[in-house]
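All of these numbers come straight from a predicted model, not from anything done at the bench.
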Amino acid sequence: IIQENKARYCFSINGGHLFPILAQLRSHEIKLVHMRHEQATAYAADGFARMTGEAGVCMVTAGCGLTNAVTGLALAAMTNSAVVCISGQHPNTEDHQGSFQEAYGSDVVRSFAKYTKRVTDFSTIEFDMRLAFREALTPPQGVSLIEIPQNILYTQAEDSKQRAGGQRFTPDDVRSAGDPAKIDRAIELLHAAERPLIAGGDGLFWSNAAPELKEFVELTSIPVYARRAGQGSVSEEHPLAIRGAFKKPFTGRADVVLTLGFRFWSGEHFGRMPTWNDKAKYIQCDPTPSRIGWQVPAEIPLVGDPKLVLRQMITRIKELKLDFSKNRSSSWVKELAEVRSNFEKVVAENEKKVHGNLPIHPARVTKDLVSVLDKNATVVIDSFTLSGWMSQNFVCRFPGSVIDAGPLAPVGHGFGMGIGVQLARPGKQVVLVMGDGGLGIGGWDMETAARYNLPIVCLLYNNSSW
């Protein structure tokens, strides 16, 4: 089933509860990447998923293996990353009897996982596994846990006894377009707006909508702000791109906002003033109805896949021969150019003031780092101190330019995620920006990267805070 779902790697630490599965990986063209800590197996699966748009797979042994992985799984869940975790478990005939490594993974992760299943019969293993992959990959993407008791996993029986069902779909198979009437209303609002704005989130990445977004932005000359996995869907070098570091003059004053797979979570102050304009009209597009109007009222609730909805809008604008050229010379777009220029000037002036400081100042560290990065590099952020400085200096050019810890915000994820990213983008530059705290918690997996000959560079900012 893992092979059927196009998984190429399995991030794991071996254990007796998993031996029958581990022994079969190679014969099914799945490479085992053996990590140093179960937490890192989940981080690696998450990093791989957020680079490829495919499910990342990790596998952990019973009890302590599963509990060690929980932080990594919770991080993936809170970033809506498609991760499938397969966990071993004690024999279910020994429940509540003090079995070796006895724990109940479904109960542990249910508060954040999208799908959990403890297999109860040999005949449902295939079905349960297929559902795990389906749930991880369908919007909103998330974490699936399937735990298999040892007595069931070691059962010897014919494959023909496996229950059918759980058909695999590709994202293209299950995309849904938006309501045409609402598409027309949305275009009408955007066309009439004086200060229109597009806000894109994780849904842009998972629907692979970056090409459509760029085409739409250039057709309408509407400024675009993208965050989370959607950041870089339109390169932040583009004159209509708004970076998070200088978003507030635009998010706080826009009169019409088109959101695409975007969540108003705490990092966006839940859509509240002054970060966002409570007088604006919001057109909210998301494939998951419950995400629409979640924090901010939707003037036009538009249920649909961002890639298809954007294509509908582009097509309809051309059919109606609507002219958005006024936006190109509007005060709104001119203001964006001015704010960007002033921001870059202030960042450069502030760095110049501390350039010669010893110990070296974060402003210089991040400026110097960015100056030597490849334009197609991926940066993994694992430092509280440097994260803010990197947001001032680093420009995202494509989805996956930056991978971070998301709303859960732990440290120690850097090497695990870096391994997943490098395997997803073999040979491309992968740089970890790490603090001494992160190194202390998750640094051992630098040996994993070395063992698998994975080129990963780590910049360690040691301010001795931990």
- Message: salt bridge (charged side-chain N to carboxylate O under 4.0 Å, His left out) for Arg316 and Asp184? Distances and angles first, verdict last.
- Response: CA-CA 8 Å; Arg316 193 65 177 138; Asp184 282 356; 2.7 Å; yes
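- Partner of Glu4 under the salt bridge (charged side-chain N to carboxylate O under 4.0 Å, His left out) criterion, chosen from Arg134, Arg130, Arg168: Arg130.
- Side-chain atoms of Gln284 come within 3.5 Å of backbone atoms of Val296 as a donor-acceptor pair (strictly under, hydrogens ignored).
- Here CZ of Phe112 is found 9.0 Å from CG of Leu408. Values are rounded to the nearest 0.5 Å.
- A donor-acceptor pair under 3.5 Å links the side-chain atoms of His238 to the main chain of Leu240, judged by distance alone.
- The pair Glu268-Arg228 does not count as a salt bridge, with every side-chain nitrogen at least 4.0 angstrom from each carboxylate oxygen.
- Using a distance-only test at 3.5 Å, with no hydrogens or angles considered, no donor-acceptor pair links the side chain of Thr448 to the main chain of Trp444.
- Taken to the nearest 0.5 Å, the OH atom of Tyr461 stands 15.5 Å off from the CZ atom of Phe384.
- The shortest distance between side-chain heavy atoms of Leu302 and Ile183 falls below 4.5 Å.
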- Task: Report the C-alpha distance between Arg291 and Asp202 in whole Å, list the side-chain angles of each, state the deciding distance to 0.1 Å, and finish with yes or no for salt bridge (charged side-chain N to carboxylate O under 4.0 Å, His left out).
- Result: CA-CA 12 Å; Arg291 291 286 181 98; Asp202 297 304; over 6 Å; no
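- In this structure, the separation between CD1 on Ile146 and CZ on Arg118 is 12.5 Å, given to the nearest 0.5 Å.
- A donor-acceptor pair under 3.5 Å is absent between the side-chain atoms of Arg26 and the main chain of Leu32, judged by distance alone.
- Taken from SG in Cys10 to CD in Gln3, the straight-line distance is 13.0 Å, to the nearest 0.5 Å.
- Side-chain atoms of Gln422 come within 3.5 Å of backbone N or O of Pro455 as a donor-acceptor pair.
- Judged by distance alone, with hydrogens and angles left aside, the side-chain atoms of Ser99 form no donor-acceptor pair with the main-chain N or O of Asp95 at under 3.5 Å.
- Between the side chains of Tyr104 and Glu102, a donor-acceptor pair is found at a separation under 3.5 Å.
- Contact annotation: the side chain of Cys85 never approaches that of Thr41 to less than 4.5 Å [non-hydrogen atoms, C-beta and beyond].
- With Arg8 contributing its side chain and Leu423 its backbone, the two residues share no donor-acceptor pair below 3.5 Å.
- More than 12 heavy atoms of other shown residues, nucleotides or ligands fall within 6.0 angstrom of atom CZ in Phe270.
- Under the 3.5 Å distance criterion, with hydrogens and angles disregarded, no donor-acceptor pair is assigned to the side chains of Asp404 and His413.
- The main-chain N or O of Gly178 is found under 3.5 Å from a side-chain atom of Gln312 such that the two form a donor-acceptor pair.
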